[in-house]
*Asks:* 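Sending over a structure as structure tokens; questions will come in a sec.
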Amino acid sequence: RKEVEQDPGPFNVPEGATVAFNCTYSNSASQSFFWYRQDCRKEPKLLMSVYSSGNEDGRFTAQLNRASQYISLLIRDSKLSDSATYLCVVILGNAGNMLTFGGGTRLMVKP
Amino acid sequence: NAGVTQTPKFQVLKTGQSMTLQCAQDMNHNSMYWYRQDPGMGLRLIYYSASEGTTDKGEVPNGYNVSRLNKREFSLRLESAAPSQTSVYFCAATGTVLSYEQYFGPGTRLTVT
């Protein structure tokens, strides 16, 4: 079983739609959680951190469920520019800043 | 301020050839990393360097060697390339133990025939 699992998609949604991705992690000692965004043939970039209480950044909301060991990303009012692959990232508590990446979920927003 | 740079951007090798991928950062970050990315596999850590003068193996180190030449530069060497090493290679850097944001270079697309 992979340490961090994501549905690869693609998720095809119309502009303006709300879309949500989940990511599950296997190690209960995981301490820190992030979403990275990767555009086609580009490098990953940090989108947002995920806090236990949940956090929001504009149209993006991230949630953490420790009991069920998953994190989620909700995108409201999807824009064409949101089309990308979203990578779930986990850090173990004793791993310093060593990141473990999920395989990514591909989102395609259509006009 | 270029951030993290990588050379070359593309490379085709024959099986058994060797090459070195170069990475440099101008952010004065302590830690640097080499990842490979294959379809559906996510990024997998090959080697990392927590600080100048130290290197450690990551998840998939076999077939690779690294050198942390100085604080700015971290190179990845393939001594005898194999088709299984066909991948996209990303270098990344991060500043402090408390900073989890990794800044990535643009990647090197390597094909081994």
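The chains referred to below are lettered A, B, ... by the order of the sequence lines, with proteins before strands, and numbering in each begins at 1.
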*Asks:* Contact part of A/Arg41 toward chain B, heavy-atom cut-off under 4.5 Å: side chain, backbone, both or neither?
*Replies:*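 Backbone plus side chain of A/Arg41, per the 4.5 Å heavy-atom cut-off to chain B.
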*Asks:* Please report the shortest heavy-atom distance between A/Tyr36 and B/Gln102, naming the atom on each side.
*Replies:*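 Answer, listing the atom of A/Tyr36 first, then B/Gln102: OH-N, 2.9 Å.
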*Asks:* I'd like to know whether NZ of A/Lys45 has more than 12 heavy-atom contacts from other residues, nucleotides or ligands below 6.0 angstrom.
*Replies:*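 No, because the 6.0 Å sphere around NZ of A/Lys45 holds 12 heavy atoms or fewer from other groups.
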*Asks:* Would you kindly confirm whether B/Leu78 and B/Met32 end up in one hydrophobic cluster when ILVMFWY residues are joined by side chain heavy atoms under 4.5 Å apart?
*Replies:*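 In one cluster with B/Leu78: B/Met32, yes.
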*Asks:* Verify the cluster assignment for A/Tyr86 and A/Val13: are they in a single hydrophobic cluster under the rule of side-chain heavy atoms below 4.5 Å apart?
*Replies:*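 Looking at the clustering, A/Val13 is in the same group as A/Tyr86.
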*Asks:* Checking B/Leu43 against chain A: side chain, backbone, both or neither under 4.5 Å from a heavy atom?
*Replies:*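 Backbone plus side chain of B/Leu43, per the 4.5 Å heavy-atom cut-off to chain A.
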*Asks:* For A/Pro44 and B/Phe104, which heavy atoms make the closest approach, and how far apart are they?
*Replies:*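 Distance-wise, the nearest heavy atoms are O-CD1, 3.3 Å.
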*Asks:* At a 4.5 Å cut-off on heavy atoms, which part of B/Gln37 comes close to chain A: side chain, backbone, both, or neither?
*Replies:*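 Only the side chain of B/Gln37 comes within 4.5 Å of chain A.
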*Asks:* Got more than 12 heavy atoms from elsewhere within 6.0 Å of CZ, A/Arg37?
*Replies:*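 More than 12 heavy atoms, drawn from other residues, nucleotides or ligands, come within 6.0 Å of this atom.
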*Asks:* Between A/Ile91 and A/Leu46, is there a shared hydrophobic cluster once you connect ILVMFWY residues whose side-chain heavy atoms come closer than 4.5 Å?
*Replies:*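 Result: yes, single cluster for both.
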*Asks:* Between A/Leu99 and B/Tyr35, is the side chain to side chain contact (heavy atoms under 4.5 Å, CB included) condition met? List the steps.
*Replies:* CA-CA 10 Å; A/Leu99 280 59; B/Tyr35 294 91; 4.1 Å; yes
*Asks:* Go through the atoms of A/Gln6 and report whether side chain, backbone, both or neither lie under 4.5 Å from a heavy atom of chain B.
*Replies:*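 When you check distances to chain B, no heavy atom of A/Gln6 falls under 4.5 Å.
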*Asks:* Same cluster or not: B/Val88 versus B/Val112, using hydrophobic residues (I, L, V, M, F, W, Y) connected whenever any side-chain heavy atoms lie under 4.5 Å apart?
*Replies:*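 No; B/Val112 is not reachable from B/Val88 via cluster members.
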*Asks:* Quick check on B/Arg109 against chain A: is it the side chain, the backbone, both or neither that has a heavy atom closer than 4.5 Å?
*Replies:*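 Looking at B/Arg109, just its side chain touches chain A.
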